[in-house]
There are 2 protein chains.
Amino acid sequence: MVTKQAAELRALTEGRGNAFDPDCPTRVVLDRIGDKWTVLVIGALVDGPRRFTALRQHIGGVAPKVLTQTLRAMERDGLLTRTVYAQVPPRVDYALTDLGASLGGPIAVLTDWAELNVAKILAARDEFVAQEA
Amino acid sequence: MVTKQAAELRALTEGRGNAFDPDCPTRVVLDRIGDKWTVLVIGALVDGPRRFTALRQHIGGVAPKVLTQTLRAMERDGLLTRTVYAQVPPRVDYALTDLGASLGGPIAVLTDWAELNVAKILAARDEFVAQEA
DNA sequence: CAGCATCCCGGTTGATACTG
DNA sequence: CAGTATCAACCGGGATGCTG
């Protein structure tokens, strides 16, 4: 059942050591997915552009500095656009690019898996703790 | 095209603030995926059990301590099994559980996306750097 | 062989306060 | 409003040395 997956994974992790290449596709994407806030930002922008403060309030609990960092990194990687309006007070809109929006698919697969299996994971943890007691 | 994804993502990130619940499905899985070595370990085990040293050499560049940490965390979460043989010299086999193997699917989706789009990301980075110069 | 104990370093995260 | 500046705290991660 995992033969196709196995092949794909091996191609990435075993093939020619590219898993240790910092520019390896796996690495680049995984680093961004693994980032605590990127997924939230994508979730916050899937249904339209938002302003900085709107994002902040929507996500909640994120420091301005960190949000800025996340946003800049995503902009740098072409996942979203940053539009500055020359007016007072300042206004900046953030919107997903096609690329950024297309990441929603893989993320959704992951979150689907998570929803399906998180119970098993938590059960495994409980059992593990129980065993070592 | 992203309407279904949008709905799913919103359910996870917007729904009821569970994105900030440490036990939120998204969080748990993302933390594990985001881990530098977990994906490599899965890739190393998809085609059968391996011993500690075999894993170490296969993955390469991972300190024993860190590999142990990763392995333990994955065992704790029911992603793999750890089998100790009472013999001298010691022997420990690691193998993916069904749960662990099933994570290969979502990971493959992610890596597929990565392979398809990493060029765009890198191009976006270059362009970004060029612009600010 | 497997892996734990210890020490340590650097980068990242975050809270707080301030500004164009 | 949309950040930047600054400082403090916190691990992830690695090197080394030792054991059952």
Side-chain angles (χ1 to χ4, degrees), chain A residues 19-22 24 26-28 30-41 44-45 49-77 80-95 128 131-132, chain B residues 19-22 24 26-41 44-45 49-77 80-95 128 132:
Chain A
F20 286 95
D21 178 357
C24 156
T26 313
R27 234 339 99 64
V28 172
L30 256 38
D31 282 354
R32 205 128 307 305
I33 297 293
D35 179 62
K36 190 177 175 183
W37 304 108
T38 300
V39 175
L40 283 317
V41 170
L45 289 179
R50 278 175 191 268
R51 303 178 58 173
F52 187 85
T53 303
L55 273 174
R56 240 191 104 175
Q57 291 170 347
H58 180 78
I59 294 178
V62 59
K65 190 191 75 172
V66 177
L67 182 56
T68 300
Q69 285 175 347
T70 305
L71 257 11
R72 286 284 148 70
M74 292 176 72
E75 183 193 9
R76 201 175 68 112
D77 289 352
L80 56 76
T81 58
R82 181 167 171 275
T83 309
V84 182
Y85 298 92
Q87 56 183 234
V88 179
R91 176 205 175 105
V92 180
D93 275 8
Y94 291 93
F128 195 80
Q131 273 184 342
E132 67 186 4
Chain B
F20 286 94
D21 179 357
C24 155
T26 313
R27 234 338 100 63
V28 172
V29 174
L30 257 38
D31 282 353
R32 206 129 305 306
I33 297 293
D35 179 61
K36 192 176 173 184
W37 303 109
T38 301
V39 175
L40 282 318
V41 170
L45 289 179
R50 279 176 191 266
R51 302 177 59 174
F52 186 85
T53 304
L55 272 174
R56 239 191 104 176
Q57 292 169 347
H58 180 77
I59 295 179
V62 58
K65 188 189 79 171
V66 177
L67 182 55
T68 300
Q69 284 176 348
T70 305
L71 258 10
R72 284 289 148 69
M74 292 176 71
E75 184 194 7
R76 201 175 67 111
D77 289 352
L80 55 77
T81 57
R82 183 168 170 274
T83 310
V84 182
Y85 297 94
Q87 57 184 234
V88 179
R91 175 205 175 104
V92 180
D93 274 8
Y94 292 93
F128 195 81
E132 67 186 5

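In this text, all values refer to a predicted model and were calculated from it rather than measured experimentally. Lettering of chains follows the sequences in order, A, B, ..., and the numbering in each one begins at 1.
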Practice task
Have a look at D35(A) and say if it touches a base, only the backbone sugar-phosphate, or nothing, with a 4.0 Å heavy-atom cut-off.
Solution key: sugar-phosphate
Handout entry: Sugar-phosphate only, base, or nothing, as touched by R82(A) at under 4.0 Å among non-hydrogen atoms
Key = sugar-phosphate
Practice task
Check whether any side-chain N or O of R27(A) sits under 3.5 Å from a backbone N or O of K36(B) as a donor-acceptor pair, and report yes or no.
Solution key: yes
Completion exercise
I59(A) atom CD1 is separated from dA2(D) atom P, nearest whole Å, by 14 Å
Practice task
May I ask you to verify if any side-chain N or O of R72(A) is less than 4.0 angstrom from the OP1 or OP2 atom of dT4(D)?
Solution key: yes
Fill in the blank from the handout: note: L67(B), atom CG; dC4(C), atom C1'; distance rounded to Å ~ 13 Å
Practice task
With heavy atoms under 4.0 Å as the rule, sort R51(B) into base, sugar-phosphate or nothing.
Solution key: sugar-phosphate
Problem - Member of T81(B), T38(B), L45(B) meeting the side-chain contact (heavy atoms from CB on, under 4.5 Å) criterion with M74(B) - result: T38(B)
Handout entry: Separation of atom CZ in R56(A) from atom P in dA2(D), rounded to whole Å
Key = 10 Å
Exercise for the section: Taking R50(A) for its side chain and A44(A) for its backbone only, find out whether a donor-acceptor pair lies under 3.5 Å. Expected result: yes
Exercise for the section: May I ask you to check if R91(A) and Y85(A) form a cation-pi contact, with NZ or CZ under 6.0 angstrom from the six-membered ring centre and within 45° of the axis? Expected result: yes
Exercise for the section: Whole angstrom is fine here: how far is it from CD in Q57(B) over to C1' in dG3(C)? Expected result: 15 Å
Practice task
Describe the nucleic acid contact of Y94(B) in one word from base, sugar-phosphate, nothing, applying a heavy-atom distance below 4.0 Å.
Solution key: sugar-phosphate
Fill in the blank from the handout: CZ of F128(B) to CD of E75(A), rounded to nearest 0.5 Å, is 4.0 Å
Exercise for the section: Determine to 10° how strongly the helix from dC1(C)-dG20(D) to dG20(C)-dC1(D) is bent, judged from the axes of its five-pair ends. Expected result: 50°
Exercise for the section: Output yes when at least one side-chain N/O atom of T53(B) is less than 4.0 Å from OP1 or OP2 of dC1(C), else no. Expected result: no
Completion exercise
Distance col, row D35(B):CG vs Q69(B):CD, nearest 0.5 angstrom, shows 9.0 Å
Handout entry: Protein-to-nucleotide contact annotation, 5' to 3' order, nucleotides 14-20 of chain D [B base; S sugar-phosphate only; - none; under 4.0 Å, heavy atom]
Key = BB----B
Problem - Spacing of E75(A) atom CD relative to dA2(D) atom P, expressed in whole Å - result: 15 Å
